[in-house]
2 protein chains.
Amino acid sequence: MPRFFIGPESDDTTRERILKAAILRFSTHSYEQTGFRDLAADVGVDPAYVHRCFGSKQKLFHEALKASLRPERLFVGGSDDLPSTLAREVLAECGANEIRPLDVVIRSFSSPEASRVLSDVLMDDFIAPMVEKRGPLSKKRAALVAALLAGVGILRDVIGADPLLDGDEAETQELIAQAIENLIDGDADNDLKEQSEPASVDDKAE
Amino acid sequence: MPRFFIGPESDDTTRERILKAAILRFSTHSYEQTGFRDLAADVGVDPAYVHRCFGSKQKLFHEALKASLRPERLFVGGSDDLPSTLAREVLAECGANEIRPLDVVIRSFSSPEASRVLSDVLMDDFIAPMVEKRGPLSKKRAALVAALLAGVGILRDVIGADPLLDGDEAETQELIAQAIENLIDGDADNDLKEQSEPASVDDKAE
DNA sequence: TTGCGTAGTCAACACTCGTTGACCAACGGA
DNA sequence: TCCGTTGGTCAACGAGTGTTGACTACGCAA
């Protein structure tokens, strides 16, 4: 059961085939590492054509990034299992032609050209949907959840930090899920550790 | 009170002045963005010389990164205030010629050349010292704390995510501190939410 | 005075990259 | 038949990169 379809073996238009190839490359390599020439070789066209199709590298990245984040797959269903769903997704194995929701994001944080795109898309297509679907939740808390997920993804898949790669995966997943739950529902008032009220809805960041 | 001294106005050797300039540049720009020519202009020498001083760009980055992480400033003192210390550090403002412990780290996650260095240094000079100084703590939990800190730093300073930039900073800090505390002391066994025992020391990642 | 190591400069090599303008082939409508 | 549009190729430009080898200037020791 592929988590996210990306099949190059379809009869799409050439532009769509390039876009899918771009998503796959951007989920494995950084913005700067990914060149028009590599992309063109993947699809079997001229490098100049992939440029003409999308106008500029930045626009191509924008489209690929937007298509790679699929919030409707993450923020559905009951709201209580959101932490474990997110924790599962960020640790999930995935085969060829599959990508996870944050794979493209975590590869291209550097490069100001890419991060200008990332800033907008991450806010509109990840944090905002999470706030919308998950009921009372400030954008700040959602951003912190995104930060944790991105950080784990980076340390694990980009850097290759051993403690997150081997060992008890179920334990890792549970730790992450609990931290997310804490970020969502935890009390933010200093020195008050009891959680009597159901999370204060203080959206100062809107 | 400067958090981390980096003063170019000293009478150091030229090599040391280059290294300090590199630390400053790497804390603001990514590995790929930072060129020998920029660095040379900062110090006022020839680009070829900064190369000869360090052998290669990767080696220069290695030295700069290692000098920028200063674990002895973070993991000292009583162990109970570690979460709030870390949360404060990652959100701290800092003026010119000052850097925060993870500033260099969060700028250069991309670029395989840099991440190969990052992997080792982050493990040896951040996660390992944290485990050592903080008593019973698995490397996995320490890595998750590092992931959260890095993620917050990236979303806030690299991407420029608004919800983490404006709004109540004290609340943000408290949320992060609680999440860290949860990652350090939280119970990892599934479906057991009470925290009676003082954190199981299960170092399967060593 | 000679010689040598150190500090530093200069010009250039060998790439790689995004981007562009000219060109070509096929097709559908007038 | 002509013609404009679409899909696509080709060669090249211009800028940027890390890196290298040859060279110069200085200070110190024999």
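All values below come from the heavy atoms of this structure, side chains included, with hydrogens, waters and symmetry mates left out.
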Note, [X] side chain near [Y] side chain (heavy atom, < 4.5 Å):
X        : Y       : result
B:Thr14  : B:Ile18 : yes
B:Thr85  : B:Phe75 : no
A:Pro101 : A:Arg70 : no

Worksheet item: Would you say B:Thr14 reaches C:dG8's phosphate, i.e. side-chain N/O to OP1/OP2 under 4.0 Å?
Response: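 Yes, B:Thr14 has a side-chain N/O under 4.0 Å of OP1/OP2 on C:dG8.
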Spacing of [X] atom [atom1] relative to [N] atom [atom2], expressed in whole Å:
X       : N      : atom1 : atom2 : result
A:Leu60 : C:dC17 : CG    : C1'   : 15 Å
B:Tyr49 : D:dT20 : OH    : P     : 17 Å
A:Lys57 : C:dT16 : NZ    : C1'   : 11 Å

Fill in: Those residues that, when tested against A:Lys66, pass side chain to side chain donor-acceptor pair (under 3.5 Å) (two or more places apart)
A:Asp125
Discussion item. As an exercise, state the distance from CG of B:Leu69 to CG of B:Leu122, rounded to the nearest 0.5 Å.
Written reply: 6.5 Å
Worksheet item: Between the side chains of A:Gln173 and A:Glu169, does any donor sit under 3.5 Å from an acceptor?
Response: no
Discussion item. I'd like to know if the side chain of A:Ser110 pairs up with that of B:Ser110 as donor and acceptor (distance under 3.5 Å, no hydrogens or angles considered).
Written reply: yes
Fill in: Strand contacts (DNA chain D) in residues 25-47 of chain A, 4.0 angstrom heavy-atom criterion
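Close to the strand are A:Arg37, A:Val45, A:Asp46.
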Item to complete: Could you check which residues of residues 110-121 of chain A get a heavy atom under 4.0 Å from DNA chain D? Sort them by number, please.
Response: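 Correct list: empty, so none.
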Fill in: Donor-acceptor pair, side chain of A:Asp38 and main chain of A:Gly35, under 3.5 angstrom
yes
Discussion item. Taking the six-membered ring for Trp, are A:Tyr31 and A:Phe61 closer than 6.0 Å centroid to centroid?
Written reply: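 Yes, ring centres under 6.0 Å apart.
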Worksheet item: Any idea which heavy atoms bring B:Leu74 and B:Leu82 closest together, and the distance?
Response: O-CD1, 3.8 Å
Discussion item. As a test of your reading of the structure, name each stem of DNA chain C as range with range, where a stem is three or more consecutive Watson-Crick or G-U pairs at under 3.5 Å.
Written reply: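 Runs of three or more consecutive pairs: C:1-30 with D:1-30.
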Fill in: Cation over ring face, B:Arg15 and B:Tyr49, 6.0 Å, 45°
no
Worksheet item: Which pairs pass salt bridge (Lys or Arg N to Asp or Glu O under 4.0 Å) with one or both residues in residues 101-119 of chain B, sequence neighbours excluded?
Response: B:Arg100-B:Asp103
Worksheet item: Would you call the rings of B:His51 and B:Phe36 parallel, tilted or perpendicular if under 30° counts as parallel and over 60° as perpendicular?
Response: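 Perpendicular, since the angle between the ring planes exceeds 60°.
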Response to the item:
B/S/- along nucleotides 22-28 of chain C (protein heavy atoms under 4.0 Å) is B------
Discussion item. Can you tell me which nucleotide in D:dT20, D:dG8, C:dT19 comes closest to the side chain of A:His51?
Written reply: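 Out of D:dT20, D:dG8, C:dT19, the nucleotide with an atom closest to A:His51's side chain is C:dT19.
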